[in-house]
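A short worksheet on the structure shown next.
Proteins come first, then strands; the chains are lettered A, B, ... in the order of their sequence lines, and each starts at number 1. Below, each value reflects all heavy atoms present in this structure, side chains not excepted, and no hydrogens, waters or symmetry copies. On a predicted model such as this, the values are computed, not experimentally measured, just so you know.
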Amino acid sequence: MLRKILENVRNQPPLVHSITNYVTVNDCANIVLACGGAPIMADDINEVEEIIAICNALVINIGTLNERTVASMIKAGKEANRLGRPVILDPVGAGASTLRTETVFKLLKEVQFSVIRGNVSEIKTIASGSGRTKGVDADISDAISEDNLDGMVAFAKALSQKTGAVIAITGAIDIVADSQKALVIRNGHPMMSRITGTGCMLTTVIGSYCGANPDDLLLATAAAVSCMGLCGELAFAKVAAEQAGTASFRTYLIDAMSRMDAQTLAGGIKIETR
Amino acid sequence: MLRKILENVRNQPPLVHSITNYVTVNDCANIVLACGGAPIMADDINEVEEIIAICNALVINIGTLNERTVASMIKAGKEANRLGRPVILDPVGAGASTLRTETVFKLLKEVQFSVIRGNVSEIKTIASGSGRTKGVDADISDAISEDNLDGMVAFAKALSQKTGAVIAITGAIDIVADSQKALVIRNGHPMMSRITGTGCMLTTVIGSYCGANPDDLLLATAAAVSCMGLCGELAFAKVAAEQAGTASFRTYLIDAMSRMDAQTLAGGIKIETR
Amino acid sequence: MLRKILENVRNQPPLVHSITNYVTVNDCANIVLACGGAPIMADDINEVEEIIAICNALVINIGTLNERTVASMIKAGKEANRLGRPVILDPVGAGASTLRTETVFKLLKEVQFSVIRGNVSEIKTIASGSGRTKGVDADISDAISEDNLDGMVAFAKALSQKTGAVIAITGAIDIVADSQKALVIRNGHPMMSRITGTGCMLTTVIGSYCGANPDDLLLATAAAVSCMGLCGELAFAKVAAEQAGTASFRTYLIDAMSRMDAQTLAGGIKIETR
């Protein structure tokens, strides 16, 4: 199944439309290309409907939101819904400000998302309607651990039931769930949190995988999450061997994505169904 | 002649003003520095006239256009025309949306461009007044090949005649033409299309070379195109030797530009006159 | 003392709020993480007050200013003042346009800055109320040299007296001064001026160090300046050994910051009190 997910991305490169932040946008474009897709970033309200019409998926990321682009996000999201394209939400920093939290709820009200990916603080904000995150990183007290895993799995399934979206909660342990089934993924490396954009990049990889596999969003999302985590492991191995640092880690992460194949993924994936 | 083009860039570093997209802007600034120029990015309508006045060239790139910056582009372009500075257009994604196509025509009407650089889909959109590109990449059916090369050369010369600008159509084979003369360049490597920003970066290198060589825009543009392609070849050789990936390729591409000299360029350039 | 400055950053990671330009924002986020802080970029006027409230420092950088973000800068700066958070100004290109110069004076009038970091042209513009810079780089005739060092030290102290901010003038020789005391730093490498964003990155490192050391802004700023310069030296050594270029230099610079420790800094710092 994973092999098929990856083959679909490589054989029919999905065009992925992102309305995203200006901090990590370059990394996002490069990792879409690395994983086999083609990126287009367009946020003017006068063109987003036409752009999504030629694309296979839409990624909405609120990392540096402002009034102008929120309107574009909603317009693009509605049109993607109408056309049946997968729409992925990255609620960066939800809970860190009233504007972010309210924007996320406005987006959730206006657009039917296919997948929502965030850290546990952001996802909890979505579930609770309130929250407080430490900037754009997850609060440590929120972290998914072996101890609270069953509860978090149930939480993710319930939120999927409520939102109609596949829920991807990422951190040291990742959970990808729809209302019926959860996949727990243990790939990744702590250095992924020492560069900016790991989360944003993952969301665009999810967009690419979902764009090429619109009929199995749960597995496409899980494959993307696992693949990104495995790339983090491979990148760290290289950084450790070279005694390099975090900027090299970023380079090697994208390098690993550009060299990923089904065999490597099958050999490295750490996934279980709950 | 090429030696002189490069020497002029190194000896009298051109200051290059770019109004560009937020996806690849960092790469563009870094490659301007790498090739010997100095970048300044400024897009507020209240300062673009003063900024272009202290610069040697203006680059206009519509990659993530919006209403605010289009007005700045026109104002800066008009002032650059008045001052006799080279103005370079990168019509990113022209044909992908009505907004992009119309903006390009508005820019062409208001500003006299010195050089227009795009992939074949974008350039065809400019020539035809309509078009449909696959996002920001060229449509494969449009690709320049040995079979259609004569026709494409004639097309480029005719468009140069019509627009008054040097036309640079880049892809597997590149054509740089004015109304009288075309240079066909066969440098480059396919991995250049697996990172974002290769086209945008090339356009700013053209801006740097033209800024330092305002009296020979055709040759300056051809030198920049060939130089960028050669850097792609050098970068790929290093990636292949190291079994690295696309992010390393980006690094090595800019590295190669920063180490380029007239001797290396003369030894690697693949150019013919048509 | 330096050991304590670094330990504070590592042990109580400062959350740093930046309102900055879109050219170097990714590098800035990554170097904040590399030096031990956590970055958040937010510029919408409706959230900046809430964001600065959860942060330890605010960095304001006018690299690609526009009307919308200037209003956010002032609002965030006033709130940071009210809360007693350090506010760092990077007056990128002050003197290059009337808009930039006037914006800097407006910011200085409305916000009490804790630290102002710029090249000598930018800082002279602030002192004189007028100026003309070569784009965003320092004018060569302005450079700090051994010959004019005493005069520049006196100038920096006087400007600190006038503005109430620690003044950091960076170039081949760096000066960090308050009204009483100046620290002269001779770390760094000329290749730092061949990539974009060295100055912007340094300013965010200063923000991180000051955020973690609000009680000794002079020493925190000097430590950041020296540390960045030392990273430049280490990065160049690696580039030279590998015959690499400027993009590798950027990677190795951030790598070095991510691996910096108090012992390395103590061994490499070149600082004297004037």
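- Contacts between Asp27(B) and chain A at a heavy-atom distance below 4.5 Å involve the side chain alone, from C-beta outward.
- With 3.5 Å as the limit, one finds no donor-acceptor pair spanning the side chains of Asp255(A) and Ser258(A).
- Here the NZ atom belonging to Lys75(B) is positioned 14.5 Å from the OG1 atom belonging to Thr69(B), to the nearest 0.5 angstrom.
- Ion pairing between a basic and an acidic side chain is recognised when a charged N comes within 4.0 Å of a carboxylate O; Glu79(A) and Arg82(A) show such pairing.
- Leu202(B) is listed as a side-chain neighbour of Val225(B), based on a closest heavy-atom distance under 4.5 Å.
- Ranked by non-hydrogen atom pairs under 4.5 Å with chain B, the options Thr251(A), Thr24(A), Thr20(A), Val32(A) are led by Thr251(A).
- In terms of heavy-atom pairs under 4.5 Å with chain B, the best-connected choice from Asn46(A), Ile31(A), Val25(A), Ile51(A) is Val25(A).
- For chain B, the option among Asn30(A), Ile45(A), Val48(A) with the highest count of heavy-atom pairs below 4.5 Å is Asn30(A).
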